[in-house]
**Student:** 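Below you will find the structure I want to go over with you.
Quick note: numbers below take in every heavy atom, side chains included, and nothing from hydrogens, waters or symmetry partners.
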Amino acid sequence: MATVTMAHMIRVTNNCPFTVWPGIQGNPGQQHLDNGGFSVAPYKTHFIISSRNWTGRIWGRTNCDSQGKCETGDCGNKIQCNGTLGVPPLTLAEIQFAESKKIDFYQVSLVDGFNLPIRIMPKKYQITSKNSTDCKPADCVADLNSKCPAELAVKAANGSGVVACKSACALFNMDSDCCQGVYTTPDTCKSSSWPQNYPPFFKETCPKREGKDSDVDEALTQWFTLATSGGVEVSGSILKAKSEDIARKLGKDEFKATEGWLSRWKVRHDIKFKRAHGEKASANSDGADEWKFTKLPQILAKFSLEDIYNADETGLYYRATPDGSLCFKHESIAGSKKAMERITVLCCVNVSGTDKKKLLVIGKSKKPRCFQQISLQKLPVEYHSNKNAWMTSAIFIEWLQRWDTELDKTKKSICLILDNCTAHPNVSLKNIKLEFLPPNSTSLIQPLDMGVIQNLKVKYRATLVNYILEKIEDNLLEPQSTTIDISKKLISSKQFNSFQTAGVM
């Protein structure tokens with residue numbers, strides 16, 4: 001989304017869940033702002049200052065690599081396009097700032113096809129009368145890629161799906177389809193005379209959508225965009241209250257924000273409710289990017305993938321069962337106290353997945369009752385204990401030193417990537433080189449946080465469910481027996497391979 005302001009500042013906000021690389025081309029004689037290109041992380045904003053009468057276009061590029069080659073919108077294998085327009089198909093935001101007190105012009109163009117949704121709107125909406133607002137948004141926020149005709153579709157390099165939708169001009173390169181040569185006038189350039197009339201697909205799929213009150217609809221959309229781009233979490237009740245507040249300011253006292261109206265408004269603007277998970281919103285993205293592009297290449301240059309490891313802890317409520325149950329309508333369910341016993345589990349694996357260290361489990365009891373008849377040395381996990389069932393620096397150092405001794409016997413050196421929590425002291429070891437991630441960045445670049453630990457818990461929970469089912473069948477449910485049985489099954493079945501997501505591979 002490009003936001004145009006009267007101060008000639010362009011605020012580029014990426015509302016996609018993936019990184020986008022905007023490209024910028026100034027018209028002849030105009031500056032190519034920010035050297036023509038940059039990257040914007042998911043849900044982040046980049047500000048650009050332009051001259052008073054700047055004119056040009058902005059587009060989004062996707063899946064760009066470190067060399068600047070992009071899957072869509074590529075401008076010649078470079079991040080900073082420096083005046084080179086991206087290769088179609090691409091969605092264009094066209095902007096023309098006027099001289100003082102004259103009218104600015106902006107539009108979203110699909111003449112060169114479509115690759116990403118774009119919305120252009122003023123930074124601030126201003127109510128000027130009962131029936132209008134200044135500078136209404138221009139946009140195409142529908143997902144044209146999912147509806148693109150097969151002959152116009154551009155598939156991803158890996159074949160996973162459609163990443164862009166060509167225009168008829170780009171596909172056939174004929175004067176009649178490109179409105180060139182003798183087809184430059186409205187009378188001669190008529191898509192209705194083409195063998196296949198493609199323009200209506202773009203116009204009908206991405207129309208200007210209006211609700212029962214377009215003024216309230218547009219003003220709420222602008223307010224919502226500004227609020228969410230600033231990191232504000234907005235619920236349905238907040239939207240309803242704000243829309244009625246806008247309606248009152250417009251003198252539309254009869255307007256009522258019903259659930260139906262709100263539901264249709266969300267459909268018109270492709271807005272969905274999503275629950276916030278994890279810590280990515282407060283993560284140190286700049287530190288993470290710097291580590292990936294400076295420190296990580298140094299590690300990869302010194303160590304092979306087999307010799308680079310990542311270790312991380314997670315809490316596991318090992319006896320937790322579902323909060324509720326299905327039942328017949330006429331029945332009721334009595335609640336019970338939740339099983340909140342927790343253990344800490346340390347996972348460690350190398351990049352290639354060829355070495356998965358034995359899980360280190362920390363519980364509260366030195367000798368749990370379920371282990372009375374079992375030697376701790378024979379467990380499929382390494383077991384430790386303290387009163388809080390937490391990882392401590394003493395346990396961690398002991399684990400590191402024992403591993404370092406094992407490596408010394410084989411004359412092997414490895415690199416261990418860790419987050420910098422207080423339980424991970426920076427100790428000097430002979431065969432293990434410790435590398436610490438930047439503060440507050442593990443949710444972005446720690447491999448085990450990219451799905452490995454989640455996979456471990458999912459498999460554990462599935463095994464627990466199967467165990468409970470067996471005991472129900474036997475009419476002999478013994479919760480205290482679950483830990484060791486599940487651990488035995490879990491070790492051989494867990495999968496560790498999220499280094500690619502974290503950027504290591």
**Student:** Just distance, no hydrogens or angles: give the donor-acceptor pairs under 3.5 Å from side chains in residues 408-417, sequence neighbours left out.
**Tutor:**
from, atom 1, to, atom 2, distance (Å)
Asp408, OD1, Lys430, NZ, 3.2
Thr410, OG1, Leu407, O, 3.0
Lys412, NZ, Asp307, OD1, 3.3

**Student:** Ignoring hydrogens and geometry beyond distance, is a side-chain donor-acceptor pair present between His46 and Asn14 at under 3.5 Å?
**Tutor:** no
**Student:** Taking atom CD as the centre, does Glu290 end up with more than 12 heavy-atom neighbours from other residues, nucleotides or ligands that are less than 6.0 angstrom away?
**Tutor:** no
**Student:** Count the heavy atoms of every other residue, nucleotide or ligand shown that sit under 6.0 Å from NZ of Lys367, and state whether that count exceeds 12.
**Tutor:** yes
**Student:** Scan for side-chain hydrogen bond (donor to acceptor under 3.5 Å, both in side chains) pairs involving residues 384-395, sequence neighbours excluded, and state none if there are none.
**Tutor:** Glu382-His384
**Student:** Determine, step by step, whether Asp289 and Lys292 satisfy the salt bridge (Lys or Arg N to Asp or Glu O under 4.0 Å) criterion, reporting the C-alpha distance in whole Å, the side-chain angles of both residues, the deciding distance to 0.1 Å, and the verdict.
**Tutor:** CA-CA 5 Å; Asp289 288 341; Lys292 285 175 66 175; 5.2 Å; no
**Student:** Under the side-chain hydrogen bond (donor to acceptor under 3.5 Å, both in side chains) test, which residues partner Ser365, sequence neighbours left out?
**Tutor:** none
**Student:** List in chain and number order the residues that pass salt bridge (Lys or Arg N to Asp or Glu O under 4.0 Å) with Glu151, two or more places apart in sequence or in another chain; answer none if no residue qualifies.
**Tutor:** none
**Student:** For Thr354, enumerate each residue passing the side-chain hydrogen bond (donor to acceptor under 3.5 Å, both in side chains) test, keeping only those at least two apart in sequence or located in another chain.
**Tutor:** Asn350, Ser352
**Student:** With sequence neighbours excluded, tell me which residues meet salt bridge (Lys or Arg N to Asp or Glu O under 4.0 Å) with Glu244.
**Tutor:** Lys256
**Student:** List for me each residue that meets side-chain hydrogen bond (donor to acceptor under 3.5 Å, both in side chains) alongside Ser428, sequence neighbours excluded, and say none if there are none.
**Tutor:** none
**Student:** Do Thr463 and Arg461 have side-chain N/O donor and acceptor atoms under 3.5 Å apart?
**Tutor:** no
**Student:** Can you confirm whether the side chains of Thr19 and Ser39 place a donor and an acceptor under 3.5 Å from each other?
**Tutor:** no
**Student:** Once salt bridge (Lys or Arg N to Asp or Glu O under 4.0 Å) is applied, do any residues pair with Lys295, and if so which ones, sequence neighbours excluded?
**Tutor:** Glu435
**Student:** For Cys148, what residues pass the disulfide (SG to SG under 2.5 Å) criterion, not counting sequence neighbours?
**Tutor:** Cys165
**Student:** What residue pairs, at least two apart or across chains, pass ring-ring contact (aromatic ring centres under 6.0 Å, His included) with a residue in residues 404-443?
**Tutor:** Phe396-His424
**Student:** My understanding is that only residues two or more places apart in sequence, or in another chain, count here; which of them pass salt bridge (Lys or Arg N to Asp or Glu O under 4.0 Å) with Lys433?
**Tutor:** none
**Student:** What residues, two or more places apart in sequence or in another chain, satisfy side-chain hydrogen bond (donor to acceptor under 3.5 Å, both in side chains) together with Thr91?
**Tutor:** Asn115
